[in-house]
Amino acid sequence: MLTHVYKRAAAFARRVKAALGRRRRKVFAGLFLTMFAALAVAAVLRSPETIVVALAVMAVVVAAASLEAWASRRALRQAQSESTTLQRKLAGLESAQALLAVMLYEQTYASGNAQPELLPDKLVGTTVRGLLAEGSAVDAYAVATSKDRIRQLPLPTLRKLRNDLRRRGYLVKAAQVAAVAVRVGGNAGDKRERTMIEGEIAVLSGAFVPSVRPEERVFEPRAGRVL
């Protein structure tokens with residue numbers, strides 16, 4: 001019996017809350033008008049009864065506003081909590097998807113039949129990030145450049161791929177990734193990294209030949225002089 005009464009009371013409270021939520025503006029407008037009317041009457045009549053009524057109306061309005069502010073803060077906290085939980089779930093799903101994509105690529109690579117161009121476009125970015133997380137920069141480059149899908153990667157992924165390839169000594173591949181990063185919207189830092197990688201390639205390959213300035217005066221030895 002008590003359970004039935006509690007359920008009916010809870011349902012009634014939910015209906016009242018929903019009705020007030022739909023008519024929230026009208027309710028507050030009515031309360032404020034009532035408060036102003038009570039204050040006006042109290043100012044005209046100047047009787048203790050009207051002043052008490054005006055104060056009571058003001059107390060009701062303040063209480064309603066405080067309750068509304070509390071409900072808004074609670075709803076905001078709940079929304080933030082739900083948003084954080086959703087972000088964590090999405091991050092977990094992305095990590096699981098990346099792990100599965102990397103496992104699929106590694107199985108095909110181990111069997112000697114690695115064909116990154118067969119990967120769907122939607123899995124390219126996930127696979128590249130997963131391979132980079134494992135330290136397989138060369139495999140990530142192979143997946144990214146298959147069917148020229150490297151332009152689909154976001155800038156953070158391109159930068160990590162470029163930096164990992166450069167640290168491992170694959171400067172030509174790193175230069176190609178750096179050029180793509182600049183073309184898809186890179187900033188001044190990306191341009192500087194591209195220039196530095198191109199300079200390293202020029203020095204190590206011998207394409208850059210430094211010029212040595214000749215001596216301005218030719219040394220002529222003289223008898224009886226040490227220097």
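- Of the inter-residue distances, the one linking R129 atom CZ with L131 atom CG reads 11.0 Å to the nearest 0.5 angstrom.
- When each of V128, I150, T126 is paired with V143, the side chain to side chain contact (heavy atoms under 4.5 Å, CB included) condition holds for V128 and for no other.
- With values rounded to the nearest 0.5 angstrom, T157 atom OG1 is found 9.5 Å from K160 atom NZ.
- Clustering ILVMFWY residues whenever any of their side-chain heavy atoms sit less than 4.5 angstrom apart, transitively, puts L161 in the very cluster that holds L155.
- Residue R168 qualifies as enclosed at atom CZ: its count of foreign heavy atoms under 6.0 Å is above 12.
- Using a distance-only test at 3.5 Å, with no hydrogens or angles considered, no donor-acceptor pair links the side chain of S136 to the main chain of L132.
- Separation of atoms CD (Q152) and CG (L158) is listed at 11.0 Å; rounding is to 0.5 Å.
- Distance check: E198 CD to I201 CD1 gives 7.0 Å after rounding to the nearest 0.5 Å.
- Residues L153 and G125 approach most closely at CD2-CA, 3.6 Å, considering heavy atoms.
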Which donor-acceptor pairs under 3.5 Å do the side chains of residues 170-188 make with protein atoms, sequence neighbours left out?
from, atom 1, to, atom 2, distance (Å)
Q176, OE1, Y141, OH, 2.2
N187, OD1, G189, N, 3.1
N187, OD1, D190, N, 3.0

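- A distance-only check finds no donor-acceptor pair linking the side chain of R166 to the backbone of R162 [under 3.5 Å].
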